[in-house]
Amino acid sequence: MPRDTLTLDTIVRTAVELLDEEGLEGLNMRSLGKRLGVAATAVYWHVQNKDDLVLLVSDAVWREVGLPPLGPADWRGTATAMADGLYAMLVRHPWLIQAISSHLLYGTGKARYDDHLLGVFETAGFTPEEADRAAGAVVTYVLGNALGASATASLTRKVRRAGDDSEERFRATLAQAAEAAAAFPRLRARLDTSAATEYAAAPDGSYAAGLRALLAGLRPEGA
């Protein structure tokens, strides 16, 4: 791609694809330029540095989350849709959890989501302070649940890059984790009914059940 036809939108879209495949550790201007068919220096005509690029791509993927209509009748259903949309986006782009832990992310894409989530609670009668706490609780819950997908993606890349014996070492590590857990009765009971490879996995439905419980406990003061 000639430098004079390279656009910021193309750079951001290609960087998202690279991040989805290689994670935050795999993003650099040289590898991005190779995907774009340009020299790495051409990318710098549009972005200042890697941190600037991470900020742009992170804000872009926040825009993938849909914003359901606001209304007080079923605000918990609306909040659930907002949480589910965020969770699905984070699973599609597990590198974003890495970026959140190492960058101060901001932009109109994230602000759009945050503002609408606050609106879910304020429309339901929460005061601004109550809405702040409720929205923070929901986002924190979703981020915590998406951490597993991010860790799995990162570990998968590490295994892939490590070489031919990586799968064997991965299985050995899981076996060691299961052995450590076996000393504790409640964990041992679960290991007796689950494959060792599922030792660290959350039970099916945990995310949805936890979100329902969280939202059930949120209500405007005095309601």
(request) Give a yes or no answer on whether the side chain of Thr10 reaches the backbone of Leu6 with a donor-acceptor pair at less than 3.5 Å. (result) no
(request) Could you check Arg112 against Leu67 for side-chain contact (heavy atoms from CB on, under 4.5 Å), going step by step and ending with a plain yes or no? (result) CA-CA 9 Å; Arg112 159 189 170 274; Leu67 304 182; 3.5 Å; yes
(message) As an exercise, state the distance from OG of Ser206 to CG of Leu211, rounded to the nearest 0.5 Å.
(response) 12.5 Å
(request) Hey, could you give me the OH/OH distance between Tyr141 and Tyr87, rounded to the nearest 0.5 Å? (result) 8.5 Å
(request) Indicate yes or no for a side-chain donor-acceptor contact from Arg76 to the backbone of Leu215 under 3.5 Å, with no hydrogens or angles considered. (result) yes
(request) Could you check Leu27 against Glu22 for side-chain contact (heavy atoms from CB on, under 4.5 Å), going step by step and ending with a plain yes or no? (result) CA-CA 7 Å; Leu27 178 66; Glu22 302 296 336; over 6 Å; no
(request) Please check if the side chain of Asp59 supplies one atom and the backbone of Thr108 the other of a donor-acceptor pair under 3.5 Å. (result) yes
(request) Could you tell me whether the side chain of Met89 reaches within less than 4.5 Å of the side chain of Val61, counting heavy atoms only? (result) yes
(request) Identify the two heavy atoms, one from Ala42 and one from His46, that lie closest to each other, and give their separation to 0.1 Å. (result) O-CD2, 3.8 Å
(request) Mind telling me whether Phe121 and Phe126 have parallel, tilted or perpendicular rings, with 30° and 60° as the class edges? (result) perpendicular
(request) Would you name the heavy atoms of Ser58 and Trp95 that are closest together and state the gap between them? (result) OG-CZ3, 3.7 Å
(message) Check whether His103 reaches the backbone of Asp52 with its side chain - one donor and one acceptor, N or O, closer than 3.5 Å.
(response) no
(message) Between Asn145 and Leu90, does the side-chain contact (heavy atoms from CB on, under 4.5 Å) criterion hold? Intermediate values first, please.
(response) CA-CA 10 Å; Asn145 277 268; Leu90 290 168; over 6 Å; no
(request) Please report the shortest heavy-atom distance between Met82 and Pro68, naming the atom on each side. (result) SD-CD, 3.4 Å
(message) What I want to check is whether the side chains of Asn49 and Tyr44 have a donor and an acceptor closer together than 3.5 Å.
(response) no
(message) Tell me the closest heavy-atom pair linking Ala15 and Val57, and the distance in Å.
(response) CB-CG1, 3.5 Å
(request) Give a yes or no on whether the backbone of Val120 and the side-chain of Thr123 come within a donor-acceptor separation of less than 3.5 Å. (result) no
(message) Would you compute the distance between atom CG of Leu56 and atom CD of Gln48 and round it to the nearest 0.5 angstrom?
(response) 9.5 Å
(message) Tell me whether Tyr113 contacts the main-chain N or O of Gly66 through its side chain, where contact means a donor paired with an acceptor under 3.5 Å.
(response) no
(request) Kindly compute the distance separating CZ (Arg35) from CD (Glu21), expressed to the nearest 0.5 Å. (result) 4.0 Å
(request) Can you measure from NE2 (His93) to CG (Leu96) and round to the nearest 0.5 angstrom? (result) 8.5 Å
(request) Might you point out which heavy atoms bring Ala135 and Leu118 nearest each other, and give the distance in Å? (result) CB-CD2, 3.9 Å
(request) Go through the steps for Glu122 and Leu70 under the test side-chain contact (heavy atoms from CB on, under 4.5 Å), then give the verdict. (result) CA-CA 10 Å; Glu122 290 190 358; Leu70 299 179; over 6 Å; no
(request) Applying salt bridge (Lys or Arg N to Asp or Glu O under 4.0 Å), run through Lys110 and Asp114 and close with a yes or a no. (result) CA-CA 6 Å; Lys110 183 177 184 300; Asp114 291 343; 2.7 Å; yes
(request) For Glu179, look at atom CD and say whether over 12 heavy atoms of other residues, nucleotides or ligands are found less than 6.0 Å away. (result) no
(message) Quick check on side-chain contact (heavy atoms from CB on, under 4.5 Å): which of Val138, Thr80, Thr140, Val142 does Leu214 satisfy it with?
(response) Val138
(request) Supply the atom-to-atom distance Leu36 CG to Arg13 CZ, rounded to the nearest 0.5 angstrom. (result) 9.5 Å
(request) Determine the minimum heavy-atom distance between Ile11 and Leu32, stating which atoms define it. (result) CG2-CD2, 4.0 Å
(request) Using atom types as modelled and distance alone, determine if a side-chain donor or acceptor of Glu130 lies under 3.5 Å from a backbone N or O of Pro220. (result) no
